[in-house]
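Before any comments, here is the structure.
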Amino acid sequence: MNFARRFASSLVAIVAALAVAIGLMLLVDAPPFEALKLLVEGSVGSDVKIADTFMAWAPLVLTSTGLIVTFAAGLWNIGVEGQVMAGAIAASWVARTVDGPVWLLIVLTMLAGMIGGALWALLAGVLKVYGRVNEIFGGLGLTFVAQALITYLVIGPWKRPGVASTSGTEPFPEHAWLPTLPGLRISLVAVGVALVAVIIIYFMLRGTRFGLRLKAVGKNSRSAYLLGIPTTRYMLAAFAIGGALAGLAGTIQATGFLHRLVPAVSGGYGYLGILVALLANSSTIWVPPVSFFFAMISVGSTQLQLRLNLDSSLGGVLQGVLVLFTLLAQGWQSRRIAREAAEASAAPPVKLVES
Amino acid sequence: MRRMKGWSRPALIIAVLALVAAACGGGGGTTTTAAPGTTAGPGTTAAPATTAAEPLVFGMILVGPQNDRGWSQAHFEAGKYIEDKLGAQMIVIDKVNPADRPGTSVEQVVDDMLAQGAQLIFATSDDMKDGIENAAKQHPDVPMIWSSGDSAWKEGKAYAGLDNLGNIMGKMIYGKMMAGCAAGLTSETGSIGYLGPLINDETRRLASSAYLGAKYCWENYRGKNPDDLKFEVSWIGFWFNIPGVTSDPTVVANNFFDGGADVVISGIDTTEALVVAGQRAASGEQVWAVPYDFHDACNEAPDICLGVPYFNWGPPYLETAKSVVDGTFTATWQWLAPDWNDINNFDTSPVGFVEGPGLSAENKAQLDTFIAGLASGSINLFTGPLNYQDGSVFLKDGETATDQQIWYMPQLLEGMLGASSSE
């Protein structure tokens with residue numbers, strides 16, 4: 001019955017989100033169902049489109065999965081965006097300097113990306129644990145620093161000869177590109193890495209001593225500490241894992257999609273990952289499908305302009321409205337549960353949103 | 001129960017989305033069953049080969065917003081021009097750059113346009129070089145144009161050898177000379193700011209042209225000493241403002257005025273310099289601006305607008321479109337001078353200059369003399385002696401520059417302030 005109630009509230013959220021989206025389209029005189037159809041066609045309507053959607057999916061899955069680890073530890077790691085950039089910088093450095101066979105470059109760029117992202121996240125972690133800087137502010141600040149660092153590299157030491165433009169670096173040598181399937185822009189390595197990350201994190205959080213203790217830290221770090229869990233170390237570990245996954249996302253963006261370093265290398269997947277993690281309600285297993293849906297909107301929304309002359313930021317509006325209504329429904333639901341629980345027994349009310 | 005909660009919500013989301021997807025057309029796009037209201041739906045399956053009777057379909061890829069009152073809008077209107085003249089159909093997408101569309105590459109856009117039946121693609125930004133060259137390699141049978149580029153110039157430094165990728169660019173050096181002249185004639189303080197985009201061959205060439213025009217008119221029409229003319233270039237880092245990445249052009253323009261400049265010449269895609277000058281003039285300052293790219297660009301602050309050098313891409317793009325229809329397209333590098341009989345003839349001149357209401361009658365007459373001199377060839381500003389910024393010789397006394405020398409200037413000119421390259 002609880003399930004039925006949840007079903008109802010989720011349904012309300014989705015219908016409301018769609019209604020708002022449709023209303024918006026009607027406001028701008030756009031045919032809403034045609035637009036939705038184009039979103040679907042433009043993202044999964046052909047082999048090429050499916051491949052493109054998966055190339056947006058892979059980095060999004062990685063950032064979202066990383067966020068689930070930090071969320072499990074009770075950390076609002078809002079600085080993922082900067083960790084993606086840091087990973088991309090490190091990977092770009094390898095791609096620009098190391099010569100060697102493709103497989104070696106894949107391994108080295110990915111390792112570099114993971115290290116870069118992990119270090120950037122650890123900075124936020126150290127600021128939180130030792131400097132008492134809230135990770136939200138530390139993370140956001142470090143994102144600005146990472147952005148400035150990329151811009152500096154692109155227009156300074158890594159500039160194209162004779163050019164000073166924030167557009168981006170020279171393309172990497174081709175041996176540093178992630179290999180793609182013939183005729184498509186998809187890299188199986190990228191998709192595989194994302195899948196492996198999901199599987200590892202799923203089992204880590206579910207079945208390992210580390211994962212359970214991490215969740216204990218997240219639920220109540222004071223009690224966890226009293227029970228003998230070294231909470232500081234666990235928090236830093238969560239930052240490092242989340243950052244490493246974000247750094248991998250940055251690597252894939254740089255070596256698999258853009259083939260160069262650009263200021264917008266993160267693709268916004270850090271921020272989008274936060275929405276995915278919220279919608280997936282911190283459940284690892286739901287990250288791949290929810291990410292796929294978001295990737296569909298991102299890739300498919302180009303069609304809105306190409307075919308309907310609509311501004312394709314409408315896709316972003318749809319993503320945002322959906323998350324907003326889902327969160328509203330969640331909040332409303334847990335509020336009702338809390339009230340009913342309080343009425344039924346004298347038990348203390350459940351917290352509205354569990355961190 | 002906790003777990004149920006975690007599972008059920010996303011499950012529902014997916015389920016409902018699947019329903020939605022199913023409701024709007026089987027979710028595939030390959031079937032064209034009785035979906036009401038949709039007439040044509042070839043999706044991404046190959047469009048039927050167009051016969052000669054069908055109108056030309058062409059793709060227009062813009063780097064900025066199609067209504068930016070600058071570079072991108074000039075291209076958009078050229079597309080409209082082809083539609084009018086040829087009964088062709090344009091597929092347009094704007095804001096194709098990594099900051100605005102991080103998940104979209106030029107190659108993807110070209111694929112989409114071809115799937116919609118495009119037979120000709122215009123990639124209209126310097127920034128699209130890598131993307132359009134890749135796309136041209138992937139689709140060797142589709143004619144494409146990379147505007148402002150040099151990939152099809154056999155004598156150039158970046159010849160790509162692609163038979164289907166041509167280049168078109170107007171000789172904006174003349175437009176910039178007129179812009180510089182208008183500034184040099186008008187400036188009271190003798191200090192002119194040039195709001196530059198990023199630094200490359202094109203922007204060094206155009207900033208230098210503006211300087212040459214300013215210096216010429218300052219010296220010859222006003223009889224002043226060129227050493228008293230301050231001409232400073234400040235680069236923002238890209239063709240338009242990207243918050244957090246480029247310098248803010250509004251701030252840069254204000255800095256120019258704060259630093260004593262009373263005319264700012266814009267070299268970027270958008271109109272910040274004019275807007276800032278308009279605001280400051282409204283508060284009583286004596287300042288002016290020269291926007292860029294688009295023939296109606298003065299409209300945002302006409303009273304202080306000295307004029308605008310603009311691109312009129314319509315005629316050369318129309319020629320290209322016709323050649324595709326005729327089957328005579330060849331990939332050439334075109335660097336097109338204004339139609340000197342009437343630089344503002346919309347059907348013939350690829351580059352023009354609209355004089356603005358901010359220009360005094362006296363200065364207007366002198367600017368017209370200057371333009372006539374450029375037209376007749378009696379004024380050639382790329383004539384030596386000219387030195388580069390570091391003092392090395394660009395052109396010896398009496399030497400006139402070749403196209404290569406002008407196109408590929410490695411530095412700004414002596415007498416200009418500002419960076420010639422990075423750092």
Side-chain angles (χ1 to χ4, degrees), chain A residues 2-3 6-7 10-11 14-15 18 31 33-34 36-37 40-42 44-46 48-49 52 56 144 147 151 155-156 159 162-168 171 185 257-258 260 262-268 279-283 285-286 289-290 293 298-299 302-303 305-307 309 312 326 330, chain B residues 1 3-14 16-17 20-21 23-25 27-30 35 37-38 41 43-45 91-94 97-99 101-105 107-109 111-113 115-116 127 130 197-201 235 237-238 242 244-246 410 419 421-423:
Chain A
N2 205 357
F3 181 83
R6 294 227 151 261
F7 187 93
S10 299
L11 201 65
I14 290 158
V15 169
L18 277 176
F33 293 103
E34 176 74 9
L36 291 174
K37 180 173 162 241
V40 174
E41 271 183 20
V44 293
S46 70
V48 173
K49 290 294 172 198
D52 284 350
F144 281 109
Q147 179 73 78
T151 308
I155 205 159
K159 65 173 190 261
V163 172
S165 166
T166 55
S167 166
R185 282 176 288 261
F257 180 68
L258 297 155
R260 58 195 182 124
V262 307
V265 69
S266 70
L279 261 191
N281 200 22
S282 292
S283 158
I285 202 84
W286 284 103
V290 175
F293 172 63
S298 293
V299 172
T302 318
Q303 301 300 319
Q305 184 172 15
L306 280 171
R307 306 228 176 200
N309 262 324
S312 43
T326 308
Q330 275 179 22
Chain B
M1 213 157 50
R3 230 179 61 218
M4 181 105 89
K5 185 177 156 198
W7 277 73
S8 58
R9 192 169 309 110
L12 292 167
I13 293 164
I14 305 300
V16 172
L17 288 170
V20 171
C24 33
T30 43
T38 57
T44 43
T45 50
I91 307 165
V92 63
I93 183 163
D94 66 354
N97 66 78
R101 295 185 191 269
T104 305
S105 63
E107 292 97 314
Q108 283 173 342
V109 170
D111 280 357
D112 283 338
M113 289 176 162
Q116 270 183 270
D127 198 45
D130 302 318
L198 46 87
I199 313 178
N200 68 6
D201 290 326
W235 310 99
F238 197 62
I242 303 174
V245 176
T246 62
S421 65
S422 186
E423 290 146 334

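Numbers restart at 1 for each chain; the letters A, B, ... are given by sequence-line order, proteins then strands. Worth knowing before you read on, the calculation uses all heavy atoms, side chains too, and leaves out hydrogens, waters and symmetry mates.
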Nearest-0.5 Å distance that lies between atom CD in Gln108(B) and atom CZ in Arg185(A): 4.5 Å
Where on Ser298(A) is there a heavy atom nearer than 4.5 Å to chain B: the side chain, the backbone, both, or neither? neither
Give a yes or no answer on whether the side chain of Thr166(A) reaches the backbone of Gly237(B) with a donor-acceptor pair at less than 3.5 Å. yes
Taking side chain as everything from C-beta outward and backbone as N, CA, C, O, which of these in Pro98(B) sits under 4.5 Å from a heavy atom of chain A? Side chain, backbone, both or neither. both
Quick one: pull up CD1 in Ile199(B) and NZ in Lys159(A) and give me the separation to the nearest 0.5 Å. 8.5 Å
Below 4.5 Å, heavy-atom pairs only: which of Asn97(B), Asn200(B), Ile242(B), Ile93(B) has the largest tally toward chain A? Ile93(B)
With a 4.5 Å cut-off on heavy-atom pairs, point out which of Thr151(A), Leu306(A), Asn309(A) contacts chain B the most. Leu306(A)
In terms of heavy-atom pairs under 4.5 Å with chain A, the winner among Asp127(B), Ile91(B), Val245(B), Thr246(B) is Val245(B)
Contact part of Val299(A) toward chain B, heavy-atom cut-off under 4.5 Å: side chain, backbone, both or neither? neither
Among Val262(A), Asp52(A), Val48(A), which has the most heavy-atom pairs under 4.5 Å with chain B? Asp52(A)
Using a strict cut-off of less than 4.0 Å between a Lys/Arg side-chain nitrogen and an Asp/Glu carboxylate oxygen, indicate whether Asp111(B) and Lys49(A) qualify as a salt bridge. no
Heavy-atom pair count under 4.5 Å with chain B, highest-scoring of Pro31(A), Gly268(A), Pro171(A): Pro171(A)
Establish, from distance only, whether the side-chain atoms of Gln305(A) and Arg101(B) form a donor-acceptor pair under 3.5 Å. yes
Closest heavy-atom pair and its distance - Ala419(B), Trp235(B): O-NE1, 2.7 Å
